[in-house]
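Written out below as structure tokens is the structure these notes cover.
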Amino acid sequence: MWTANNWNDYEVIDCSCGEKLERWGDYFLLRPDPQVIWQTKKTDPRWKTLHAHYHRSNKGGGEWEFFDLPAQWSIRYRDLVFQLKPFNFKHTGLFPEQAVNWDWLREKIERADHLVNVLNLFAYTGGATIAAAAAGASVTHVDASKGMVGWAKENAASSGLSQAHIRWIVDDCVKFAEREIRRGKTYDAIIMDPPSYGRGPKGEVWKIEDAIYPLLQTCQKLLSRRPLFFLINSYTTGLQPAVLAYMLGTVMKPYGGRIDAQEIGLPVSTNGLVLPCGASGRWERA
């Protein structure tokens, strides 16, 4: 498992009975997590000093209960600064486990002997975008949500990257990739973090089991002659690391290189466990 264990401003303190107790900077949040099916004694006093608690509803979804949480705050990872705010579906605007991939892609970009052009699809609030830009890459950030792209711009500004080479695109990721092929555009690296299910700005339906492999095939046509890396993330139970590796292996076979895929996770500070948080597949040039 690849573990995001270099955080200072974030930690999973404990987890039990379907919930995880987290520290986001100075604030303690309790959120549901379907992976936490075990039960342990809640001995840490921070279980009782919460700033916010997301309650899952038996009918689906849920709602926040706030005690003393600001409408927005920030945390830092290395030289990157992220703006956080609670919104529907329990999220805060950041997936801390992805830091293990930010470190990996930054190293690849920093060691490259040329300007690296990166395409980030389903780019959300821009964690991978600003990590790549901080490493010196030129990044095209694509997400179907105008609000998420605006949030990503805030994160870039907070990280001192307002003037970085980032192209912000609000569009359906599949249609954008197809248009880039027609325009003759190529990229040295591709990142994608597709949702399990979603809709584009014009109602386009995305179902990952049906759409992900055709998108990988499309994106292969966007790669430069000597691509640097291809990273795909999955939070869908059916797309295990081996599945990600097989898909990348098929699509990237003409380029040789190396492929690895693992679960990604977050260390739990009170008991030494590592909480699984999805999977990632990586292809890199040999």
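- Residues Ile190 and Leu223 are in side-chain contact: their nearest non-hydrogen atoms beyond the backbone lie under 4.5 Å apart.
- The CZ atom of Arg282 lies 11.5 Å from the CG atom of Leu248; values are rounded to the nearest 0.5 Å.
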(request) Using the side-chain contact (heavy atoms from CB on, under 4.5 Å) rule, take Ile109 and Val118 through it: C-alpha gap first, then chi angles, then the decisive distance, then the call. (result) CA-CA 9 Å; Ile109 293 167; Val118 177; 4.2 Å; yes
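- Heavy atoms of other residues, nucleotides or ligands lying less than 6.0 angstrom from OH of Tyr246 number 12 at most.
- To the nearest 0.5 Å, the span separating CZ on Arg106 from CG on Asn101 amounts to 13.5 Å.
- Clustering of Ile, Leu, Val, Met, Phe, Trp and Tyr side chains at separations under 4.5 Å places Phe28 together with Ile13, Leu21, Leu30, Trp47, Leu50, Phe67.
- Taking the ring centroids of Tyr235 and Phe95, they lie under the 6.0 Å cut-off.
- Residues Ile208 and Ile232 fall within the same hydrophobic cluster, defined by Ile, Leu, Val, Met, Phe, Trp and Tyr side chains chained together at heavy-atom separations under 4.5 Å.
- With His55 as reference, Glu65 is the one residue of Glu65, Lys90, Glu19 to meet the side-chain hydrogen bond (donor to acceptor under 3.5 Å, both in side chains) rule.
- Residue Trp24 comes nearest to Pro96 through the heavy atom pair CH2-CG, 3.5 Å, listed as atom of the first residue, atom of the second, then distance.
- Within 6.0 Å of NZ on Lys253 lie no more than 12 heavy atoms contributed by other residues, nucleotides or ligands.
- Listed by chain and residue number, Glu180 satisfy the side chain to side chain donor-acceptor pair (under 3.5 Å) test with Arg183 (two or more places apart in sequence, or in another chain).
- Ring to ring, Tyr77 and Trp7 are close: their centroids are under 6.0 angstrom apart.
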Please tabulate, one pair per line, all N/O donor-acceptor pairs under 3.5 Å involving side-chain atoms of residues 80-87, not counting sequence neighbours.
from, atom 1, to, atom 2, distance (Å)
Gln83, OE1, Gln72, NE2, 3.0
Gln83, NE2, Ser158, OG, 2.8

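- In terms of hydrophobic clustering, with Ile, Leu, Val, Met, Phe, Trp and Tyr side chains grouped at heavy-atom distances under 4.5 Å, Leu119 and Tyr124 are assigned to different clusters.
- Under the 4.5 Å side-chain criterion, counting only non-hydrogen atoms from C-beta, Thr236 is not in contact with Tyr197.
- Hydrophobic clustering places Val251 together with Val174 (ILVMFWY residues linked when any side-chain heavy atoms are closer than 4.5 Å, directly or through intermediates).
- With rounding to the nearest 0.5 Å, the separation of CG in Leu244 from OG in Ser280 is 7.5 Å.
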(message) Could you go through Met192 and Leu216, starting from their C-alpha distance and side-chain angles, then the distance that decides it, and tell me whether this counts as side-chain contact (heavy atoms from CB on, under 4.5 Å)?
(response) CA-CA 9 Å; Met192 62 172 66; Leu216 287 174; 4.0 Å; yes
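- Considering only residues two or more places apart in sequence or on other chains, Arg285 meets the side chain to side chain donor-acceptor pair (under 3.5 Å) condition with none of them.
- The neighbour count for His165 NE2, taken as heavy atoms of other residues, nucleotides or ligands under 6.0 Å away, does not exceed 12.
- In this structure, the ring pair (Phe, Tyr, Trp, His ring centres under 6.0 Å) partners of Tyr27, at least two apart in sequence or on a different chain, are His51, Trp73.
- The OH atom of Tyr10 lies 8.0 Å from the OG1 atom of Thr92; values are rounded to the nearest 0.5 Å.
- With rounding to the nearest 0.5 angstrom, the SG atom of Cys173 is 6.0 Å from the CG atom of Asp143.
- Taking all atoms of both residues into account, the shortest heavy-atom contact from Val170 to Ser145 is CG1-C, 4.2 Å.
- Here the side chains of Met1 and Pro276 are in contact, with some heavy-atom distance below 4.5 Å.
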(request) Evaluate the criterion side chain to side chain donor-acceptor pair (under 3.5 Å) for residue pair Arg78 and Asn6; output intermediate values, then yes/no. (result) CA-CA 9 Å; Arg78 296 178 59 180; Asn6 291 322; over 6 Å; no
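- Less than 6.0 angstrom separates the ring centroid of Phe229 from the ring centroid of Trp104.
- Taking OG of Ser196 as the start and CG of Leu239 as the end, the distance is 7.5 Å to the nearest 0.5 Å.
- Here Gln262 pairs with Asp260 under the side chain to side chain donor-acceptor pair (under 3.5 Å) rule; sequence neighbours left out.
- Taking 4.5 Å as the limit, some side-chain heavy atom of Leu29 sits within range of a side-chain heavy atom of Trp64.
- Among all heavy-atom pairs drawn from Pro267 and Thr3, the shortest one is CD-CG2, 3.5 Å.
- Linking Ile, Leu, Val, Met, Phe, Trp and Tyr whenever their side-chain heavy atoms come within less than 4.5 Å leaves Val142 and Met148 in two separate clusters.
- Ionic pairing of Arg182 and Glu178 is not present here: no N-O contact between side-chain nitrogen and carboxylate oxygen is shorter than 4.0 angstrom.
- A heavy-atom distance below 4.5 Å is not found between the side chains of Leu94 and Asn155.
- For the residue pair Ala261 and Gly281, the shortest heavy atom distance occurs at CB-CA, 3.9 Å.
- Annotation: salt bridge (charged side-chain N to carboxylate O under 4.0 Å, His left out) contacts of Lys108 (sequence neighbours excluded): Glu284.
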(message) What verdict does the side-chain contact (heavy atoms from CB on, under 4.5 Å) test give for Arg76 and Asn8, after you've listed the backbone C-alpha separation in whole Å, the side-chain angles of each residue and the deciding distance to 0.1 Å?
(response) CA-CA 8 Å; Arg76 177 182 293 272; Asn8 292 318; over 6 Å; no
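- Residues Leu69 and Ala52 share a closest heavy-atom pair of CD2-CB, 3.8 Å.
- Legend: residues meeting side chain to side chain donor-acceptor pair (under 3.5 Å) with Gln240, ordered by chain and number and at least two apart, are absent.
- Inter-residue side-chain proximity for Phe176 and Thr140 is flagged as met; some heavy-atom pair is nearer than 4.5 Å.
- Sequence neighbours left out, the pairs with a member in residues 207-226 that pass side chain to side chain donor-acceptor pair (under 3.5 Å) are Asp188-Ser224.
- Cys17 is not listed as a side-chain neighbour of Trp38, based on a closest heavy-atom distance of 4.5 Å or more.
- In this structure, Trp2 and Val100 approach most closely via the heavy-atom pair CB-CG2, 3.8 Å.
- For the salt bridge (charged side-chain N to carboxylate O under 4.0 Å, His left out) condition, the pairs that include at least one residue of residues 8-18, sequence neighbours left out, are Glu11-Arg23, Glu11-Arg46.
- Hydrophobic clustering (ILVMFWY, side-chain heavy atoms < 4.5 Å, transitive): Leu266 and Ile264 are in distinct clusters.
- The stretch residues 25-38 participates, sequence neighbours left out, in these salt bridge (charged side-chain N to carboxylate O under 4.0 Å, His left out) pairs: Lys20-Asp33, Glu22-Arg31.
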Output side-chain donor-acceptor pairs under 3.5 Å for residues 128-135, partner residues at least two apart or in another chain, one line each.
from, atom 1, to, atom 2, distance (Å)
Thr129, OG1, Asn120, ND2, 2.8
Thr129, OG1, His141, ND1, 2.8

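- Contact of the Met252 side chain with the Phe230 side chain is registered, since non-hydrogen atoms from C-beta on lie closer than 4.5 Å.
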